[in-house]
Number of protein chains: 2
Amino acid sequence: MPKVIDPACAPHDHSARPPATFVRPGAIERAAGIFRAMGDAPRLRLLALLGQGEACVTEIAAAAGDDLSTISQRLRVLRNEGLVSRRRNGKHILYGLADQHVADLLFNALAHASEGRADLSRLASLVPPTNPTQE
Amino acid sequence: MPKVIDPACAPHDHSARPPATFVRPGAIERAAGIFRAMGDAPRLRLLALLGQGEACVTEIAAAAGDDLSTISQRLRVLRNEGLVSRRRNGKHILYGLADQHVADLLFNALAHASEGRADLSRLASLVPPTNPTQE
DNA sequence: TTAATAGTTGAACAGTTGATCAAGTGTCCC
DNA sequence: GGGACACTTGATCAACTGTTCAACTATTAA
């Protein structure tokens, strides 16, 4: 039997550790908000769609097979966390990913989610290296 | 007033777009699960703590000022999504970040959350380039 | 102005989730 | 074995979240 070197909670000291507030508390809360907004499959699918380019609400609703109102509510959540951009074009309102950071986050997560069982090269097309929201 | 070039939903065609299933559906669901697990401030703070190195439950509970049971429940959620590693050391169970991917995700999110108003150099110490769970 | 299209917002309801407590398992030491 | 310590698990309950429906605002075209 492998004897444990230290009887207690060995290699690290039990009390001489810097407090959890190593990173400013506000950042944690904001990051959690961002994750919470992305932590819903329909909403994440919506973001993935926007990763392919801008789209108006009607278009998104058609692609998702959902109600306009439902899509609008989902977009509101994403917008509240600053994850999507919004601009008007006539009668339509075009949504897109807010910035490259969001695209990176999305890509990273999908890469992790597909780890070891899907070819990541397919994911690359989701978020091209150039800015997805060209203007 | 700037006249709109196209009367309808201009620059992109309204129906000639590949379906949202550009990335396999399972990956979206898993990624959403990961985000959901990280989308809670106490849980994210816990992950940030583990980013500094392994820790046992008692230690985490002390740092967070929370109940053992509460911490255990939070760890269960994170473990269900494969975000943390677990190994026994005598009476204690040491938790850590599951892999570098999780660390990257964490770092990326905190970087985005602090965008433009905090120096990111501080965050770098949270997730060192070397693997945080040395064995 | 009126009608039609496009989207947002508020309320209500069902489903989910997180904290807490009590009871359980596993490991160490005597 | 027995007791102490270190967790885990199941149940309960309050709080939150997502969807739906109805009513509302905004833009365009006639």
Side-chain angles (χ1 to χ4, degrees), chain A residues 1-10 12 14 29 32-47 54-81 84-96, chain B residues 1-10 12 14 29 32-47 54-81 84-96:
Chain A
M1 60 192 91
K3 187 93 197 301
V4 171
I5 293 116
D6 201 294
C9 207
H12 50 278
H14 231 216
E29 249 94 52
I34 289 168
F35 281 136
R36 195 181 314 123
M38 295 177 84
D40 178 67
R43 234 144 42 203
L44 196 55
R45 213 170 291 124
L46 203 163
L47 278 180
E54 288 184 311
C56 70
V57 183
T58 303
E59 187 174 18
I60 295 167
D66 266 311
D67 197 324
L68 264 193
S69 181
T70 299
I71 298 298
S72 191
Q73 297 276 23
R74 287 180 192 153
L75 284 167
R76 188 174 59 80
V77 173
L78 296 173
R79 197 146 57 86
N80 282 343
E81 296 299 334
V84 295
S85 63
R86 187 159 106 122
R87 69 183 177 90
R88 207 171 238 290
N89 181 5
K91 257 195 273 195
H92 293 257
I93 294 175
L94 295 177
Y95 281 88
Chain B
M1 59 191 91
K3 187 89 194 307
V4 171
I5 293 115
D6 199 294
C9 208
H12 50 278
H14 232 216
E29 249 94 53
I34 291 167
F35 281 136
R36 196 181 314 122
M38 294 177 85
D40 179 67
R43 232 143 43 204
L44 195 55
R45 213 170 292 125
L46 203 164
L47 278 181
E54 288 185 310
C56 71
V57 184
T58 304
E59 187 174 18
I60 295 168
D66 267 311
D67 196 321
L68 263 195
S69 181
T70 299
I71 298 297
S72 191
Q73 298 276 21
R74 287 178 192 155
L75 284 168
R76 189 175 57 80
V77 173
L78 295 173
R79 197 146 57 85
N80 282 343
E81 296 300 332
V84 295
S85 63
R86 188 159 106 122
R87 71 184 177 91
R88 208 172 191 116
N89 181 5
K91 257 195 274 197
H92 293 258
I93 295 176
L94 295 177
Y95 282 88

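Letters A, B, ... mirror the listed sequences (proteins, then strands); counts begin at 1.
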Would you mind classifying the nucleic acid contact of A/Ile93 as base, sugar-phosphate or nothing, using non-hydrogen atoms under 4.0 angstrom?
-> sugar-phosphate

Looking only at side-chain atoms of A/Pro42, point me to the closest of D/dC7, C/dA19, D/dT19.
-> D/dT19

Can you tell me how far C1' of C/dG24 sits from CG of B/Leu68, to the nearest Å?
-> 15 Å

Taken in chain and number order and not counting sequence neighbours, the residues that satisfy side-chain contact (heavy atoms from CB on, under 4.5 Å) with B/Asn80 are B/Arg76

Applying salt bridge (Lys or Arg N to Asp or Glu O under 4.0 Å) to A/Asp67 and not counting sequence neighbours gives none

d(CZ, B/Arg74; P, C/dT17) in whole Å = 16 Å

Give a yes/no answer on whether the side chain of B/Arg86 brings an N or O atom under 4.0 Å of OP1 or OP2 in D/dA6.
-> no

List the atom of A/Glu59, the atom of A/Glu54, and the distance in Å for their closest heavy-atom pair.
-> OE1-O, 4.5 Å

If only side-chain N and O atoms of A/Arg43 are considered, is one of them under 4.0 Å from the OP1 or OP2 phosphate oxygen of D/dT19?
-> no

Letter by letter from the 5' end, nucleotides 9-14 of chain C scores (B base, S sugar-phosphate only, - none; protein heavy atoms under 4.0 Å) BBB---

Sequence neighbours left out, what passes side chain to side chain donor-acceptor pair (under 3.5 Å) with B/Arg79? Give chain and number order.
-> none

Judged by nearest nucleotide, the residue sitting upstream toward the 5' end of DNA chain D, B/Arg88 or A/Gly39, is B/Arg88

Of all residues at least two apart in sequence or in a different chain, which pass the side-chain contact (heavy atoms from CB on, under 4.5 Å) check with A/Ala37?
-> A/Val77, A/Leu78, A/Glu81, A/Leu83

Phosphate OP1/OP2 of D/dA6 contacted by B/Tyr95 side-chain N/O (<4.0 Å) | no

Applying side chain to side chain donor-acceptor pair (under 3.5 Å) to A/Arg88 and not counting sequence neighbours gives none

Would you mind telling me which of C/dT5, D/dT8, D/dC7 lies closest to the side-chain atoms of A/Lys91?
-> C/dT5

Is any side-chain nitrogen or oxygen of B/Arg36 closer than 4.0 Å to OP1 or OP2 of D/dT17?
-> no

Looking at the side chain of B/His92, which of D/dG18, C/dT20, D/dC7 is the nearest nucleotide?
-> D/dC7

